[in-house]
Amino acid sequence: MHAVADPPGALPAAVVVGQTPSLREPRLLDGVLYWLEQRPHEGGRTTLLRRLGPDQPAEELTPGSWNLRSRVHEYGGGSTALGHRSDGRPVAVFSHDGDRCLWLLELDGSDRQPRRLSPPGAYGGGLIDAGRDRWIGVRESGSDEGAGCDQLVAVGLEGGEPQPLVVPADFCGYPALSPSGAGLAWVEWQQPFMPWERSQLWLGHFDTAGQLSGRRLVAGSGVGPNPDISVFQPLWCGPHLVVANDRSGFWNLEQLDNAEGFNAETLDAETLSAEAPLAWRPLLPMQAEFGLPQWVFGMGTQAWDGEQLLATACLQGRWQLGRVELPSQSGGAGQWQPLAIPFDDLAGICAERGRLACIAASATEAAGLLELDLASGNWWHSPAAACPLAPQAISLPQELWFEGHGGARSHAWFYPPAGGAHREAPLLVKSHSGPTAMARTALNLAIQFWTTRGWGVVDVNYGGSTGFGRAYRQQLAGQWGVVDVDDCAAAAQALVAAGRADPDRIAIEGGSAGGFTTLAALCFTDVFRAGASRYGVADPSALASESHRFEARYLDGLIGPWPEARATYEARSPLAHADQIRCPVIFFQGLDDKVVPPEQTDRMAAALEANAIPVEVHRFPQEGHGFRDGATLIRVLEATEAFFRRHLNL
């Protein structure tokens, strides 16, 4: 078989996914910017870097084989905490994936050799308690067996056994220490609910021995008449406590005044009753999201620089960065003051003494570190890698609203192919993961890979996606495999009807939950002519009965309680309806996947092969759920394109 040459201007896969690191969790400490880089060219290793100023070179603090990764809840996040010892010396505490232990790194002086603090375990989402010289964070035990528990624990900066502080009924995380160190806020949630469905904010105070006392539920489900409330990212703004709470239908910011002054006596049962809830004050009643689904630790959408509250807000799928003008003590609403920056995709905000940093991107600028001087408005953006495309060659996202499942108004971003959309252009439909994630507007070279080859790409925010409020997110309740499938098909059909795609050259791809949507769309619609599934769910009943602890009851809300709703699981199962797929499918699977076991891909591929459907399977021994190694990412992209080109006669 002769290789087919790429068209002029087509992006090579190695440029798209092979080298560019992912930037994560920026933090400001004593005027220095620290951040994590996950490097695909080093097998997906994550390392800690810093720089002293926007124009200064980056310094790697954990070179060699150090891999800063948390395994809590399998998805991890929050692997590294920065702070000070009680004597003011700056330190970092991180979870090393090589031995699953916590390690301490001194950030001043010349001694850069990390020192082990803890026995092995799954640690993450922590902070430094400077006044007591200890790390406070989550330790998950027993997750490999599907049982186990979360604990908020303390580990001394001189090392030792973790000391339990909070043993929740089920899950916990996102601890926030008050400025004086006297109070601690954290989030809890219980199965069968995920933290973005129902969660609670707790508040406690430390006694002289450093143990929490007077622990009380202060916001979220269980406080007030509405049980379906989720809270996101507790944050101390001086003595006040701020959290994003979605009781209004959107994750809006609310404040509990003088929360640091509450104690066991003032937080009594009567105060916390549904009839007399604590006096949380809405700061910004807006149809905007100041929160995200809590799949991982380490996320941040608001920050306090010591004097002012900064935040990122998602309005109809686009992100803004702004200043929150707080309301007066006498009442009234605050004001949202967007900051003048040319970026609409933002993550990981942090702030310190008039400076702000976050990960920022736009449709023409790749993700990079954004540093902003709040007084002058001057900003500096350093992308993780230079864009290999000229500005005029970038396909820009076009907002697409269309009639989706049940006639509901649904959203997507459409990227026209090079040369413009037309009736003969092939179309790739992207089904995001989660399924609570969202299709974002940042420059995505993996999308440009396709558009530079003449494909249109539609990235679908199907019902259930984040960024459009709780009601939009809840469209998927009990309807996974229905609403998402119908919306992906409807997005493609809307583009065909508008003369912007060829109905005989439509492919669909997705990973994880997006892989399930992909396979279900191939089963239950006749819109698509080829599909690609990366570590996708083929048998939801197996996922419900075998999944890891964090998602063990997730499908109760997406499909129905297992095993009572067995018939519904069977009706939605791509594996049970594999005989309805009539088009070629390519599969990619990590053999170390603890979330979606490789058996699911093997059984689905075998069922299609038994029906004489063209199938291609790529297995990766060292990969888990979500690929990290650059060589893997390149192979996936190249193999997918070659498979689609061959079977769609392009």
Problem set entry | H73 and F171: CA distance, side-chain angles, deciding distance, ring pair (Phe, Tyr, Trp, His ring centres under 6.0 Å) verdict | CA-CA 9 Å; H73 305 159; F171 294 93; 5.3 Å; yes
Determine, for [X] against [Y], whether the closest basic-nitrogen to carboxylate-oxygen distance falls under 4.0 angstrom.
X    : Y    : result
R549 : D150 : yes
E551 : K594 : no
R553 : E197 : no

List for me each residue that meets side chain to side chain donor-acceptor pair (under 3.5 Å) alongside [X], sequence neighbours excluded, and say none if there are none.
X    : result
E371 : R51, R355
S433 : none
S512 : H625
T80  : none

Exercise. Think R247 forms a cation-pi with W280, using NZ or CZ under 6.0 Å from the six-ring centre and within 45 degrees of its axis?
Worked result: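 Not satisfied by the 6.0 Å and 45° rule.
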Exercise. Given S213 and D207, is the side chain to side chain donor-acceptor pair (under 3.5 Å) satisfied, shown in steps?
Worked result: CA-CA 6 Å; S213 62; D207 58 24; 5.1 Å; no
For this session: Count the heavy atoms belonging to other residues, nucleotides or ligands that lie under 6.0 Å from CD of Q211, then report whether that count exceeds 12.
Result: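 Yes - once you tally the heavy atoms of other residues, nucleotides and ligands closer than 6.0 Å, there are more than 12.
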Problem set entry | All salt bridge (charged side-chain N to carboxylate O under 4.0 Å, His left out) counterparts of R50, not counting sequence neighbours |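 Listed in chain order: E59.
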Problem set entry | Y75: ring pair (Phe, Tyr, Trp, His ring centres under 6.0 Å) partners, not counting sequence neighbours |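 Residues passing ring pair (Phe, Tyr, Trp, His ring centres under 6.0 Å) with Y75: W295, H548.
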Exercise. Does the ring centre of W480 sit less than 6.0 Å away from the ring centre of Y554?
Worked result: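 Not under 6.0 Å, so no.
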